[in-house]
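What follows is a set of notes on a single structure, which appears directly below.
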Amino acid sequence: MIDRDFHLRDHDLYRYIFDMAVQIPTGMVSTYGTMARSLGDQAASRAVGMMLAADHARPFKVPCHRVIYSDGRTGWYTGAGKGEERKRELLLSEGVPISDGRVLDLERTVFKDFRVDPILTRMADSQRELAPLVSEHGDAMRFERIAGLDVSYDGDRAFSAMVTVNRDGKVLEEKTARCQVNFPYVPGYLGFREMRPYSSLLNKARQDTLYLIDGHGRAHPRRAGIACQFGVVHGIAVGGVAKSVLTGSMETGSLYIENEEVGRVIKDGQGRERFISVGNRVDLTSLCSLVSSISHNPTTLAHDLCTRYRKGRS
DNA sequence: GCGACAG
DNA sequence: ATCTTGTCGC
């Protein structure tokens, strides 16, 4: 049984990062990569840097200047008196050894013993648990309704949209929603950023509708991309329609992970290249045929709608 | 230089 | 993803 609430919840990764930063003792530093690894995945290192630099509400004072690059480079400080120079000043005044813009003796100066819940490990485990629940069977052509979904952002305010068309490409329904997300984009964990914005578009999960999501399904390091998460959590048919590759190798129009075909490249109704992979309850071949055959890609329609919605309401 | 990571 | 400027094609 999958923990639906775990997938649907807004996990506040900012709070995790702030709670970690205050654990770095005066006179020591940590690195973006070290903090990401403590959370469970080094892939989040850029996200750690983005969160520390972001203009985001903080419940207490966060010593961002104590977080540096893993090669010792001090980097930038976005707080009061911003700049490279200010960050070095602050660290020097705290007794951190710096020379030539680099923190010295990293073995001793880099703090690694964070006390934190390894949330990314739990998320990755949850994706591995979900992967075997994905069904790759079902004819995409049997659906009367095809719904494209996408999200647009203003900072961490998400504006999502769903456009439902029939197989002739005629628009049957449009819907928008907005919500706050506090989980940044981390490669491999997109589902934990966008599950709520997408789910808030669903009055009820419809079995007569094929949902197409901007992102991958099985073409994911743990075979559980956002299209799989959305499909299994709601028990619906979903296809992944991505603009670029996340993982795997391309050979003659197919995307492979360890000799298994996990996706295909096609041209959509507008002639644009898209990477298709199974989310849930459809087979790859009919899914590709469907996306190629619809004159207006519902995912593109949803992209345009949520962009307009954001610009009109933010 | 390599590898390169959805949105 | 978003921002911003510049360029191309209709």
Side-chain angles (χ1 to χ4, degrees), chain A residues 7 10-11 13 32-33 36-37 39-51 53-56 70-71 120 123-124 127 130-131 148-162 178-199 201 211-231 238-250 255 257 262-266 268 270-279 291 297 299-300 302-314:
Chain A
H7 287 272
D10 172 42
H11 298 272
L13 206 68
Y32 303 111
R37 232 173 294 121
L39 289 172
D41 199 331
Q42 177 141 23
S45 50
R46 256 99 89 222
V48 170
M50 294 296 287
M51 285 185 283
D55 176 27
H56 192 276
S70 50
D71 62 4
L120 296 179
M123 287 173 167
Q127 290 172 330
L130 184 141
L149 291 83
D150 198 13
V151 192
S152 178
Y153 294 93
D154 174 22
D156 287 315
R157 284 188 303 168
F159 298 79
S160 49
M162 174 166 70
R178 51 181 293 187
C179 65
Q180 170 74 26
V181 295
N182 296 296
F183 190 90
Y185 169 67
V186 181
Y189 301 83
L190 180 64
F192 290 97
R193 174 166 171 78
E194 302 196 330
M195 180 65 73
R196 273 164 52 84
Y198 283 144
S199 299
L201 292 164
Y211 296 87
L212 300 179
I213 280 211
D214 242 274
H216 294 287
R218 296 240 93 152
H220 177 273
R222 295 170 286 280
R223 311 291 200 284
I226 186 164
C228 298
Q229 287 186 261
F230 191 63
V238 181
V241 183
K243 295 187 268 306
S244 65
V245 173
L246 169 64
T247 187
S249 51
M250 283 298 310
L255 197 51
I257 300 177
V262 293
R264 279 180 209 158
V265 199
I266 58 135
D268 70 10
Q270 287 115 117
R272 283 186 286 230
E273 188 177 73
R274 294 283 118 113
F275 299 88
I276 307 298
S277 61
V278 170
V291 178
N297 184 341
T299 271
T300 309
H303 180 274
D304 295 344
L305 179 56
C306 65
T307 305
R308 283 201 312 273
Y309 179 49
R310 171 175 62 81
K311 290 184 173 168
R313 290 208 46 179
S314 67

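Side-chain atoms of A:N297 and A:H303 include no donor-acceptor pair closer than 3.5 Å.
Of all nucleotides listed (B:dA6, C:dC3, B:dG7), C:dC3 comes nearest to the side chain of A:R310. Here B:dA6 is the nucleotide among B:dG7, B:dC5, B:dA6 with the atom lying nearest to any side-chain atom of A:H220.
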Worksheet item: Pairing of DNA chain C as dot-bracket, 5' to 3': ( ) intra-strand, [ ] crossing, | other strand, . unpaired, with Watson-Crick or G-U pairs under 3.5 Å?
Response: ..........
Worksheet item: Which string of ( ) [ ] | and . matches DNA chain B, if you list each base 5' to 3' and count Watson-Crick or G-U pairs only when both distances are under 3.5 Å?
Response: .......
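Base contact: A:G188 has a heavy atom under 4.0 Å from a base atom. Using a 4.0 Å heavy-atom distance criterion, A:Y185 is classed as a base contact. Contacts of A:A43 with the nucleic acid, taken as non-hydrogen atoms under 4.0 Å apart, are absent. Using a 4.0 Å heavy-atom criterion, one finds that A:V245 contacts the sugar-phosphate atoms exclusively. Nucleic acid contact class of A:Y189 (heavy atoms, under 4.0 Å, all strands): base.
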Item to complete: Verify side chain to side chain contact (heavy atoms under 4.5 Å, CB included) between A:F275 and A:K243, making sure each step is shown before the conclusion.
Response: CA-CA 6 Å; A:F275 299 88; A:K243 295 187 268 306; 6.0 Å; no
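Judged by the 6.0 Å and 45° rule, A:R196 forms no cation-pi pair with A:F183.
A donor-acceptor contact shorter than 3.5 Å is absent between the side chain of A:S277 and the backbone of A:G263.
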